[in-house]
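Below is one structure, written out as structure tokens, with a few remarks after it.
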Amino acid sequence: MEINKINANTKMLGLIGNPVAHSLSPLLHGELSRSYQEQYAYLAFPVAQENLETAVKGAWALGAQGLNVTVPYKREVMNYLSAVEPKAELIGAVNTLVRMEAGYCGYNTDMPGLKKALKHDGICVAGANVVLIGAGGVANAALCMLLEEEAANILILNRTKEKAAKLAEHFMPHYPNAVIRVASLQEDYIALMDEISSERQWIAIQATSVGMHPQITETPIDAMEFYERITEGVDLIFNPEETRFLSLIRQSGHKGYNGLKMLLFQGIIAYELWTGHKVEEDVAEKILTVLQEELKSRA
Ligand code: ATR
């Protein structure tokens, strides 16, 4: 059987956001439907803000099985759905729409995607001290994952301390046993880290946009005293493959991983929601290689 040849039975999937031109999701989902010989076509749609509602409702009217949603619409899109899964509601962001009878249901697959990525890298946040850098959209999903996994101590570092405090306050009522501290990147957060953990052992998750292509020489944190306290780190950026943040973690002799696996697994979980079947590990590995090669070819 010839696969992925568009015919009258091909179902539509897609991505809405702005911009979407450099997204890896069409490649990721094209590979997934090829792997399972399924008739899906996944396209990237740049959508202007004033057309967001029409785009979501129009996609549903056209019969699209599902959509991914990326920046800047992960929050706003919630206004145009017929249901939102409770965890996505708590995170305040939806990145996956699944077709239902009367509209789309919104899910957040970034959170479980990050959880799977950490597992894949052998990082266990349960019972660990974790420093989360950033308090924006991605940090929301990361914090929710840390709370779900029951990290022992969570320290949120952000340029704007108020935003970190707001993020912590938002989640605290839902996880009353969690220990969350916040600090700004301008204050003495090293002293705070040592006060929280005398063993000086922390897992770091970098969830700001600092260091992203083309600003590849930037990092939210320069101080080597910080990196000395990090046993393992993840930078949620994947372009460049090694950010300055990751390079400093590795220079201090520790393991660092980029955000490509989070992208991979959030896509896989979305695909599983759309198709109702499980994606095996060997397929995930194969697609990871395809994504890595694509990024190399773009560098
Ligand atoms: P995203 O949805 O990708 O997380 P965002 O909501 O705009 O994007 O958040 C970006 C994050 O990067 C924030 O934590 C932001 O810090 P502020 O809350 O202080 O704005 C952080 N960030 C962006 N530029 C930064 C910079 N130059 N130095 C330090 N942090 C920065």
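Whatever order the structure lists ligands and atoms in, that order sets their numbers, starting from 1. The analysis underlying the following values was restricted to heavy atoms, covering all of them including side chains, and did not include hydrogens, waters or symmetry mates. The model shown is predicted, which means the values in this text are computed figures rather than measured ones.
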Who's closest to atom 6 (O) of ligand 1 heavy-atom-wise, of Ser209, Ala141, Gly137? Gly137

Under the 3.5 angstrom rule, does the side chain of Asn7 hit a backbone N or O of Asn9 as a donor-acceptor pair? yes

Closer than 4.0 Å to some heavy atom of Gly134 - which atoms of ligand 1 meet that? 14 (O)

Single-linkage hydrophobic cluster, 4.5 Å side-chain cutoff, Ile16 and Met100 together: no

For atom 12 (O) of ligand 1, which of Ile237, Thr70, Thr208 has the closest heavy atom? Thr208

Is the closest N or O pair between Ala135 and ligand 1 shorter than 3.5 Å? yes

Heavy atom of Pro220, distance to ligand 1 below 4.0 Å: no

Looking at Lys115 and Glu149, is there a salt bridge between them, counting it only when a charged N and a carboxylate O are closer than 4.0 Å? yes

Using the six-membered ring wherever Trp is involved, compare the ring planes of Phe245 and Phe226 and label them parallel, tilted or perpendicular (cut-offs 30° and 60°). tilted

Any N or O of Ala139 that comes nearer than 3.5 Å to an N or O of ligand 1? no

Looking at Trp274, is Arg99 sitting on its ring face, NZ or CZ under 6.0 Å from the six-membered ring centre and within 45 degrees of the normal? no

Please list the nearest protein heavy atom to atom 27 (N) of ligand 1 with its residue and the distance rounded to 0.1 Å. Arg159 NH1, 3.4 Å

Does ligand 1 come near enough to Val210 that some N or O of the ligand is less than 3.5 Å from an N or O of the residue? no

What is the minimum heavy-atom distance between Ala284 and Ile268, and which atoms define it? CB-CD1, 3.6 Å

For atom 18 (O) of ligand 1, grab the closest protein heavy atom and report residue, atom and distance to one decimal in Å. Asn158 ND2, 2.7 Å

Which heavy atom of the protein is the closest neighbour of atom 5 (P) of ligand 1, given with residue, atom name and distance? Gly136 CA, 4.0 Å

Which atom pair, heavy atoms only, marks the closest approach of Ala142 to Ile205? CB-CG2, 4.4 Å

Atom 19 (O) of ligand 1 [closest protein heavy-atom partner, distance rounded to 0.1 Å]: Thr160 OG1, 2.4 Å

Sole candidate of Asn140, Val94, Ile91, Thr96 that passes side-chain contact (heavy atoms from CB on, under 4.5 Å) when paired with Asn108: Ile91

Atoms of ligand 1, numbered as shown, that sit under 4.0 Å from any heavy atom of Val138: 1 (P), 2 (O), 3 (O), 4 (O)

Of all the atoms in ligand 1, which lie at a distance below 4.0 Å from a heavy atom belonging to Lys163? 17 (P), 18 (O), 20 (O)

Using 30° and 60° as the class boundaries, would you call the ring planes of Tyr271 and His277 parallel, tilted or perpendicular? perpendicular

